[in-house]
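Worksheet: the structure to be examined is printed underneath.
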Amino acid sequence: MAAPDPAVAAVRTAVRRFLDRHPVTGSVAVACSGGADSLALAAATVHCGRKRGLAVHGLVVDHQLQPGSAGVAARAADQLRELGVRASVLTVEVTGPGGPEAAARRARYAALRAARPEHALVLLGHTEDDQAETVLLGLGRGSGPRSIAGMAELDPPWGRPLLGLSRATTAAACAALGLDTWTDPHNLDPAYTRVRLRQEVLPLLEDVLRGGVAAALARTAAQLREDSQALDQLAADLLGQARDGDGLAVGALKAAPAALRRRVLRSWLLGAGVSELTDAHLRSVDALVADWRGQGGVAVPGGLVAGRAHDRLVLDRSL
């Protein structure tokens, strides 16, 4: 038997290693847009899944944002079936705040989560290039290490086997396999920040820094995720020590390093229903511990106020 094309082999190797690190049984789902990344992922998952007895389900989301979207989705589903995938099309309504890109993402992830086989991972075709763009977006927004850490390889129910491969590799794999790939017009529209990063910023950085930028950003993201996981575990331990009913004991927090203390506060606030927590909110609540001068409470999203009383942090409903 002839050796597979190098790009095909690279995608298969990435999927095989992912499944070795994160074993699954029974079935696995692949989200597929009809683009090169997700089609290459689906083909490799079928190949690797045969040896593991995995049933591969293809989930194609039709966002209905462009004329002919139903035909694009149907074509993607047909190609998945030709690969041996059990494919279905999920039609969604894109509505809500945050602009069309954010609304489409919410609708897509909700549909994928609802349609996946019970307990199955949903594999996503995000590549090293996507990771680099995510890191740059996080840097530009100043949204902290969690954002700069990018996308995790495994974040159940989501799995991302291709974070170490480039888009060029997935495109070459599809060409070698004779797959008919689709390019989303939104991915070429400079009205979207991510598109300008892809078309203008990353190529400029690659030129100025003489190559390897996407891979370097992906490595940085991986290192930050490892650091964040360690800090999260330490914060979880400290949160357990500081809990005092519904509040937190200030004494257990005050001596902790600021980075650790703020992670504890973040977990506590999110767990209490605070939504859309910003760095400014978090630092203001942290000041109730680290810079206590008898100040009043801090209003946080969700109609709540964080305050300090009798050496405890408490949350109350705002009037």
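For the numbers below, each heavy atom of this structure counts, side chains included, while hydrogens, waters and symmetry mates do not.
In the displayed structure, Arg86 atom CZ is contacted under 6.0 Å by at most 12 heavy atoms of other residues, nucleotides or ligands. Heavy atoms from other residues, nucleotides or ligands lying under 6.0 Å from CZ of Arg52 number more than 12. Counting heavy-atom neighbours within 6.0 Å of Asp246 CG, excluding the residue itself, gives a total of 12 or less. Atom CZ of Arg196 has 12 or fewer neighbouring heavy atoms from other residues, nucleotides or ligands inside a 6.0 Å radius.
Its side chain within the 4.5 Å cluster rule, Val92 clusters with Leu59, Val61, Leu65, Leu90, Val94, Tyr109, Leu112, Val122, Leu124, Trp158 among the Ile, Leu, Val, Met, Phe, Trp and Tyr residues.
Between the side chains of Asp237 and Gln233, at least one donor N or O lies within less than 3.5 Å of an accepting N or O. For the residue pair Arg116/His57, the side-chain donor-acceptor check at 3.5 Å is not satisfied. Looking only at atom types and distance, the side chain of His281 has no donor-acceptor partner in the side chain of Ser284 under 3.5 Å away.
Each of Leu260, Val264, Asp286 was scored for a side chain to side chain contact (heavy atoms under 4.5 Å, CB included) with Leu253, with one residue passing: Val264.
For His22, the side-chain hydrogen bond (donor to acceptor under 3.5 Å, both in side chains) criterion is met by Glu153, not counting sequence neighbours.
Within the 4.5 Å cutoff, side-chain heavy atoms of Leu39 are placed close to those of Leu80. By the 4.5 Å heavy-atom criterion applied to side chains, Thr169 and Thr127 are not counted as neighbours.
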